[in-house]
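Positions are given from 1 along the sequence.
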Amino acid sequence: MKTCAVAGHQPKRFKFKYKENYTGCKRLKKCLKEQFIKVYKRGVHSFVIGSALGVDVWSGEILLRLREEPEYSDIRLTIVVPFDGRDKDWDAHNKRRMEFLKRHSEVIYASNISDAASFYKRDQYLVSQADCLIAVFDGDFTVKSSVERIVRGALKKDIPTVFIHPDTAEVFHKNR
């Protein structure tokens, strides 16, 4: 089964930050859903996401909602968590969101310990599983981050990548 990895900046890099009721966030979520449907129609029914606030959580929620529809009922969702307890400092609302996603997905832990290497392992796992990548990425490779590492890894492996700009929801493709 073909797999699509999903990655994105933390919302602190977005114009709208964590405000999900903001028009820009709604536009971004709509664009993510459209891209998930497009890759699904091309035969990609398995999706793998990280476990960060923002794009990862939103993508998981969108994919689970799609899976409720009969034509997308075979969507498979895997969440890659860097280490157990990664969300211990999250607020109660976001902890509940992640717990819901975990209950309805396969969960893989990249490491047994909480350290920087666990995040690298998560990122490497996402790239290693990807037949394609959907990345919410502003194109700035000078700012080192998980999404930057994932995008670099995907491009190095010539993995077809759909880029969505976080502030405009403009879509462009690489290695199609």
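Residue Glu71 qualifies as enclosed at atom CD: its count of foreign heavy atoms under 6.0 Å is above 12. Atom NZ of Lys88 is surrounded by 12 or fewer heavy atoms from other residues, nucleotides or ligands within 6.0 Å.
No side-chain donor from either of Asn94 and Tyr18 sits under 3.5 Å from a side-chain acceptor of the other. Side-chain contact, Ser146 with Arg122: a donor N or O sits under 3.5 Å from an acceptor N or O.
Nearest heavy-atom pair, Ala52 versus Arg86, reported as atom, atom and distance to 0.1 Å: CB-NH2, 3.8 Å. Pairing each heavy atom of Ile164 with each of Leu32, the nearest pair is CD1-CD2, 3.9 Å.
Listed by chain and residue number, His9, Arg13 satisfy the side chain to side chain donor-acceptor pair (under 3.5 Å) test with Asp138 (two or more places apart in sequence, or in another chain).
Taking the ring axis of Tyr120 as reference, the NZ or CZ atom of Arg149 stays within 45° of it and closer than 6.0 Å to the ring centre.
For the side-chain contact (heavy atoms from CB on, under 4.5 Å) with Lys174, the lone residue among Leu155, Leu133, Ile159, Val151 that qualifies is Leu155.
Using cut-offs of 30° and 60° for the angle between ring planes, the Phe163 and Phe137 rings count as tilted. Using cut-offs of 30° and 60° on the angle between ring planes, the pair Phe14 and Trp58 is tilted.
Not one N or O on the side chain of Lys2 forms a donor-acceptor pair closer than 3.5 Å with the backbone of Gly43. The main-chain N or O of Lys95 is never found under 3.5 Å from a side-chain atom of Asp87 such that the two would form a donor-acceptor pair. Under the 3.5 Å distance criterion, the side-chain polar atoms of Ser118 are left unmatched by any main-chain donor or acceptor of Ser114. A donor-acceptor pair is defined here as one N or O able to donate and one able to accept, closer than 3.5 Å; no such pair exists between the side chain of Ser105 and the backbone of Val107. Listed for the Arg27 side chain is a donor-acceptor partner under 3.5 Å among the backbone atoms of Asp167.
Ionic pairing of Lys26 and Glu20 is not present here: no N-O contact between side-chain nitrogen and carboxylate oxygen is shorter than 4.0 angstrom.
Sorted by first and then second residue, the salt bridge (charged side-chain N to carboxylate O under 4.0 Å, His left out) pairs involving residues 55-65 (not counting sequence neighbours) are Glu61-Arg97.
In this structure, Phe83 has its ring center closer than 6.0 angstrom to the ring center of Phe119.
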